[in-house]
A.B. asks: 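Below you will find the structure I want to go over with you.
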Amino acid sequence: MYRSHTCGELRASHINTEVTLAGWVQRVKDRGNLTWVVIRDRYGITQLMFNEESPEGLLEASKKLSRETVIQIKGKVIERESKTKNMETGDIEILVSELTVLNEAKLPPFTIEDETDGGEDIRMKYRYLDIRRNPVKESLIFRHKVSMEVRKYLSDKGFIDIETPYLIKSTPEGARDFLVPSRMNAGQFYALPQSPQTFKQLLMVGGMDKYFQIVKCFRDEDLRADRQPEFTQIDCEMAFVEQEDILEIFEGMTRHLLKEINGVDVAKFPRMLFDDAMRLYGNDKPDIRFGMEFGELNEITQRKDFKVFNEAELVVGIAVPGAASYTRKEIDKLIDWVRRPQVGALGMVYVKCNEDGTFKSSVDKFYDQEDLAKWAETTGAKAGDLICILSGRTTKVRSQLSALRMEMAERLGLRKADEFAPLWVIDFPLLELDEETGHYHAMHHPFTSPKPGQIELLDTDPGSVKANAYDLVLNGNEIGGGSIRIHDKETQAIMFKHLGFTEEEAKEQFGFLMDAFEYGAPPHGGLAFGLDRLVSILGGQETIRDFIAFPKNNSGRDVMIDAPANIDSQQLKDLSIQLDIKES
RNA sequence: AGUACUGUAGCACAAUGGUUAGUGUAUCCGACUGUCUCUCGGAAAGUUACGGGUUCGAAUCCCGUCAGUACUGCCA
């Protein structure tokens, strides 16, 4: 037996108990004729004491211990002469009678403390040391709690956890696939799933009725702070359900998590039409923790001589609370900010709503006080606010103003990590126009069913067709999304046709699904949550990386194991693969 | 693929184009019986990412490369 107790559990009630502890040396405090050694494991830290009365040689040995050495000690729990509230075991210490060094440790490259001196890249290279730190350790435990609550909730509701394969088939729609060459089938490749989508639908055809899985998914696309090439989904599907049933179950799950994990009670989630989200927030995942809703200003701005507005498809503004006090310089910096290529606005018109009820704008030449008062009314601006107005093509200007809205909320501290504002965004369009190719592609995925009665519109006005698709949004992040699926072969065939598949292509790619639909597919639908993102939002963090034990860096590399890596020529030969690397 | 920022001691950061490139922390040595971010004394530690250029003189300015981070494109 390596230990009788953990390093986090001893209290005053254990005084005089003989214990055995094992853990890592956190710190050695050498005070001459007395040393304290703080020992750490997953559960906490405990102070050990060595002095002149310790058995022969122990005091000297304790002084030689270096940080992160793995030791085992036997000793007696004693009351401290000076207690501390800084640690949970601060009332006691261990008078050590036996010390065993289980494994010496090299000096770690950064300090293993809550506030480490290590930067991101060195922490990732030595992630196993980083995980010893409380913030990372707690994040991983937090993730465990969330995923256990998910399992508990869904299992209680009758969902069955079923595994689906990781080696599947590449499909043209959607993100790039990670590919895996098949040795036994020369020249052929598996793909890693971007989601278990078709399999979960086939489980419904198989009669499993309610399925869930906490499952790794893979997308070969560029990374972000909240996006990894391999990520985890809470994947769910139900048969014999309508949209309402699904929203209810998963609103319940989200409420359960907020309650159990964060201790927060949330009222019924509001629902917002996709069109309204775009109109009021410029975004299909609005953060509704704060106001600053869009005010469309076309009618009241397009009757004067200001050409920029007159020629714009959309003139739209937001009222930034309290920002009328911005100096000319600060506003110029804001204008520079919206003109950055990442945002891409050509300029910004502003109106200061002065405390005395007057207005000062950058377009006073064209508009009088009466005009500006109407703008203030439409954007909901109050005295002291700054109205920021952008104009241009509707789709572009909405996303630009949305970026500005989020930036201003961030600067004004309105995005509070401990405040939770979930909402459903519903009635997404079925199709989305690709501006470059002029082709439509599925906004959600090609198995999403159109709203009843709208299928005829596919021929006349495909962009206007709405889908039985919904997203769950939390604090400006899409944490889940799903749809009612198509469950008959005819509708699915029509969809594939409109997505530009020939009949042969559809059969080749998705024949198995079309076939299955001919053998009694029940009406079904479902959704998937992004677990990494959900966990990080519940945990109040911007980045998902510390909720993943071994994340990839910005370039998709694992810097600890140094992957991806070259493989030797024999492996390539086995796979019948030749490399043809272009010098760039 | 693009834009921006960054790259200096183990780690985190400083240094107006001008002396021997500093500070904190970690490390090593010494002192200390109540520390818990101990304290005090000392020591060691640098290819200023790499390559080129401008200059009397470059960590600093310019060009290129590489790497990291954030964002945009991308992510059905």
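What you see is a predicted model; the values in this text were computed from it and never measured. Letters A, B, ... are given to chains in the order of the sequence lines, protein chains preceding strands, and every chain is numbered from 1. For the numbers below, each heavy atom of this structure counts, side chains included, while hydrogens, waters and symmetry mates do not.
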A.B. asks: Run D287(A) and Y281(A) through side-chain hydrogen bond (donor to acceptor under 3.5 Å, both in side chains) and show every step you take.
C.D. replies: CA-CA 8 Å; D287(A) 190 339; Y281(A) 300 94; over 6 Å; no
A.B. asks: Between R127(A) and D546(A), does any NZ, NE, NH1 or NH2 come within less than 4.0 Å of an OD or OE carboxylate oxygen?
C.D. replies: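 Looking at D546(A) and R127(A), the cut-off is met.
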A.B. asks: Could you give the distance separating A58(B) and G2(B) at their C1' atoms, to the nearest angstrom?
C.D. replies: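 Each nucleotide's C1' atom is 30 Å from the other's.
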A.B. asks: Does R67(A) reach a base, just sugar-phosphate, or nothing at all? Heavy atoms under 4.0 Å.
C.D. replies: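 Sugar-phosphate contact only - R67(A) comes under 4.0 Å of backbone atoms but never of a base.
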A.B. asks: Could you tell me whether D427(A) and K466(A) have a side-chain N and a carboxylate O separated by less than 4.0 Å?
C.D. replies: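 K466(A) and D427(A): not salt-bridged.
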A.B. asks: Could you tell me whether R224(A) contacts a base, only the sugar-phosphate backbone, or nothing, with contacts defined as non-hydrogen atoms closer than 4.0 Å?
C.D. replies: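 Touches a base.
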A.B. asks: Tell which nucleotide pairs with A1(B), taking only Watson-Crick or G-U wobble pairs whose two distances are both under 3.5 angstrom.
C.D. replies: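 Result: U72(B).
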A.B. asks: Searching all strands shown, indicate the nucleotide that pairs with C50(B) (Watson-Crick or G-U wobble; both distances under 3.5 Å).
C.D. replies: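 Pairing partner, where one exists within any strand: G64(B).
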A.B. asks: Should C28(B) form a Watson-Crick or G-U wobble pair with both distances under 3.5 Å, which nucleotide is its partner?
C.D. replies: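 Its partner is G42(B) (Watson-Crick or G-U wobble, both distances under 3.5 Å).
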A.B. asks: Regarding R557(A) and D562(A), does a basic nitrogen lie under 4.0 Å from an acidic carboxylate oxygen?
C.D. replies: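 Yes, charged N to carboxylate O under 4.0 Å.
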A.B. asks: Quick test of your reading of the model: are K497(A) and E503(A) salt-bridged, counting only N-O distances below 4.0 Å?
C.D. replies: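 No, no charged N to carboxylate O under 4.0 Å.
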A.B. asks: Quick one: how far along RNA chain B does chain A reach, first to last nucleotide 5' to 3', anything under 4.0 Å to a heavy atom?
C.D. replies: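 The footprint of chain A covers A1(B) to A76(B).
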A.B. asks: Base, sugar-phosphate alone, or nothing: which one does G119(A) contact when heavy atoms must sit under 4.0 Å apart?
C.D. replies: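 Sugar-phosphate, no base atom in range.
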A.B. asks: Under 3.5 Å for both donor-acceptor distances, Watson-Crick or wobble: does G34(B) have a partner, and if so which one?
C.D. replies: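 Paired with G34(B), as far as the under-3.5 Å criterion goes, is no nucleotide at all.
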A.B. asks: May I ask you to say what E113(A) touches in the nucleic acid, namely base, sugar-phosphate or nothing, with a heavy-atom cut-off under 4.0 Å?
C.D. replies: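 Touches nothing.
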A.B. asks: Tell me what H441(A) touches on the nucleic acid: a base, only sugar-phosphate, or nothing, going by heavy atoms under 4.0 Å.
C.D. replies: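 Sugar-phosphate, no base atom in range.
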A.B. asks: Might you work through the side-chain contact (heavy atoms from CB on, under 4.5 Å) test for R411(A) and L334(A), ending with a clear yes or no?
C.D. replies: CA-CA 11 Å; R411(A) 292 191 195 180; L334(A) 204 55; 3.4 Å; yes
A.B. asks: Using Watson-Crick or G-U wobble geometry with both distances below 3.5 Å, tell me the partner of C13(B), or none.
C.D. replies: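 Here C13(B) is engaged in a pair, and the nucleotide opposite it is G22(B).
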